[in-house]
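Note: hydrogens, waters and symmetry copies are ignored here, and every other heavy atom, side chains too, is used. One-based numbering along the sequence shown.
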Amino acid sequence: MFMPKIKELFMLFDFDSSGQIDFAELFLALQSTIFGICKFLGFPIPTFASVRALALKGFKIIDADENDSIDLEEFTEWVTNDEEIQEFLVEYLNYQTRTHALSA
């Protein structure tokens, strides 16, 4: 149930359908999402530099093999094991991954 959704999300970020998410793709996805949410909610739009810094920090965390791209395996590992994502899933979606449940 959850794994196909992870793959769909990965494919949304993989704009060139290469099977890899590079920094530019991750940055564009975050920038579009953050700016859109802020505009919709009437919040101040963050600076380009602050969103880029956030994207770079996230990219370094997800790119486990440090080859300057994120593959589906790295993306899946991050989504299913990152503590902040797990907290979001539990709080807002009443869902947690099996991996996280077993470690609790």
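Taking the side chain to side chain contact (heavy atoms under 4.5 Å, CB included) definition, one finds that Asp71 meets it with Gln20, Glu73, Glu74, sequence neighbours left out. The side chain to side chain contact (heavy atoms under 4.5 Å, CB included) check on Ser17 picks up nothing, with sequence neighbours excluded.
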Which donor-acceptor pairs under 3.5 Å do side chains of residues 28-44 form with protein atoms, sequence neighbours excluded?
unit_1, atom_1, unit_2, atom_2, d
Ser32, OG, Leu28, O, 2.9
Thr33, OG1, Ala29, O, 2.8

List, one per line, each side-chain donor-acceptor pair under 3.5 Å for residues 61-68, sequence neighbours excluded.
unit_1, atom_1, unit_2, atom_2, d
Asp63, OD1, Glu66, N, 3.3
Asp63, OD1, Asn67, N, 3.4
Asp63, OD2, Asn67, N, 3.2
Asp63, OD2, Asp68, N, 2.9
Asp65, OD1, Asn67, N, 3.3
Asn67, OD1, Ser69, N, 3.2
Asn67, OD1, Ser69, OG, 3.3
Asn67, ND2, Ser69, OG, 3.4

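Screening residues 44-63 for ring pair (Phe, Tyr, Trp, His ring centres under 6.0 Å) gives Phe23-Phe59, Phe27-Phe48 as the qualifying pairs, with residues at least two apart or on separate chains. Contacts classified as side-chain hydrogen bond (donor to acceptor under 3.5 Å, both in side chains) and involving residues 41-51 (residues at least two apart or in different chains) are given here: Thr47-Ser50.
The two residues Ala55 and Leu26 come nearest to each other via the heavy atoms O-CD2, 3.8 Å.
Both Ile45 and Val51 belong to a single network of hydrophobic side chains, linked directly or stepwise wherever heavy atoms of I, L, V, M, F, W or Y lie under 4.5 Å apart.
Atom CG of Asp14 and atom CG of Leu9 lie 11.5 Å apart (nearest 0.5 Å). Distance CD/Glu77 to CD1/Ile70: 13.0 Å, rounded to 0.5 Å.
With contacts defined as side-chain heavy-atom distances shorter than 4.5 Å, the pair Glu25/Phe13 does not qualify.
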